[in-house]
Amino acid sequence: MPYFILSLSLILYGLSLSPSALADEILPIAKIVKRPADYQAKVVIVEGRASDVTALPPRFKAHRCAGGPVYDAQLFMLQDQSGSIQVGVAGTCKPNAMQPVVEDERLRIRGVAVADENDPRGIPIIYADAIDRVTP
């Protein structure tokens with residue numbers, strides 16, 4: 001009987017492993033882009049160089065800042081050896097409270113991968129929770 005419980009526990013543990021359970025693993029961007037459904041609403045970590053950095057204008061009446069403005073939001077492409085993916089940075093409630101991403105900066109991004117279900121191409125975007133600068 002104890003072996004049955006141990007075996008069942010190991011099987012259930014193995015089935016529970018998912019991309020979010022392995023969130024400390026740096027994923028190739030191509031893996032997320034090729035199989036967006038596998039990573040939908042999951043925390044992922046990717047690493048690469050920033051390009052096409054766009055600063056978004058302050059948004060006003062934002063729910064996340066108690067109706068106040070949101071500053072320093074950005075969109076950019078992150079590219080590694082396998083491909084590229086768009087990254088969104090939500091911004092902060094105070095201006096200049098975070099270091100903005102700059103062109104050609106090497107970054108490690110932890111965020112949630114989301115693909116728009118209404119987009120026939122299903123191209124995912126990563127909404128960044130954390131941005132770490134990586135030294136070459």
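The structure presented is a predicted model; accordingly, all values stated were derived computationally and were not measured. Both backbone and side-chain heavy atoms feed into the values below; hydrogens, waters and symmetry mates do not.
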Work out which heavy atom in Pro36 is nearest to a heavy atom in Gly122; give both atom names and the distance.
CG-O, 3.5 Å
For the residue pair Leu27 and Tyr39, what are the closest heavy atoms and their distance?
CD1-CE2, 3.6 Å
I want to check something: taking the side chain as every heavy atom from C-beta on, are [X] and [Y] in contact at a cut-off of under 4.5 Å?
X      : Y      : value
Val112 : Lys42  : no
Ile131 : Val89  : yes
Ile45  : Arg108 : yes
Val101 : Leu107 : yes
Pro124 : Val114 : no
Leu56  : Leu75  : yes

Any disulfide bond (SG atoms under 2.5 Å apart) pairs touching residues 46-89, not counting sequence neighbours?
Cys65-Cys93
Test: disulfide bond (SG atoms under 2.5 Å apart). Region: residues 95-132. Which pairs qualify, not counting sequence neighbours?
none
List the steps, then state whether side chain to side chain contact (heavy atoms under 4.5 Å, CB included) holds for Lys31 with Ile29.
CA-CA 5 Å; Lys31 196 171 186 178; Ile29 291 172; over 6 Å; no
Take Ile123 and Val33, measure what side chain to side chain contact (heavy atoms under 4.5 Å, CB included) needs, and give me the verdict at the end.
CA-CA 7 Å; Ile123 298 172; Val33 173; 5.7 Å; no
Would you please name every residue forming a salt bridge (Lys or Arg N to Asp or Glu O under 4.0 Å) with Arg59, sequence neighbours left out?
none
Not counting sequence neighbours, which residues clear salt bridge (Lys or Arg N to Asp or Glu O under 4.0 Å) with Asp52? List them please.
none
Got a second to check how far [X]'s [atom1] is from [Y]'s [atom2], nearest 0.5 Å?
X      : Y      : atom1 : atom2 : value
Gln86  : Tyr127 : CD    : OH    : 7.5 Å
Ile126 : Arg110 : CD1   : CZ    : 12.0 Å
Arg106 : Leu78  : CZ    : CG    : 9.0 Å
Thr54  : Met77  : OG1   : CE    : 10.5 Å
Ile85  : Ile109 : CD1   : CD1   : 11.0 Å

Answer yes if Val53 and Val70 sit in the same cluster of Ile, Leu, Val, Met, Phe, Trp and Tyr residues linked by side chain heavy atoms under 4.5 Å apart, and no otherwise.
no
Do any pairs count as a side-chain hydrogen bond (donor to acceptor under 3.5 Å, both in side chains) and have a residue in residues 89-105, sequence neighbours left out, and if so which ones?
Glu105-Arg133
Residue pairs, two or more places apart or on separate chains, that pass side-chain hydrogen bond (donor to acceptor under 3.5 Å, both in side chains) and touch residues 71-80
Asp80-Ser82
Quick one, Val134 with Glu47, criterion side chain to side chain contact (heavy atoms under 4.5 Å, CB included). Give me CA distance, side-chain angles, the key distance, then yes/no.
CA-CA 9 Å; Val134 178; Glu47 191 173 298; 4.1 Å; yes
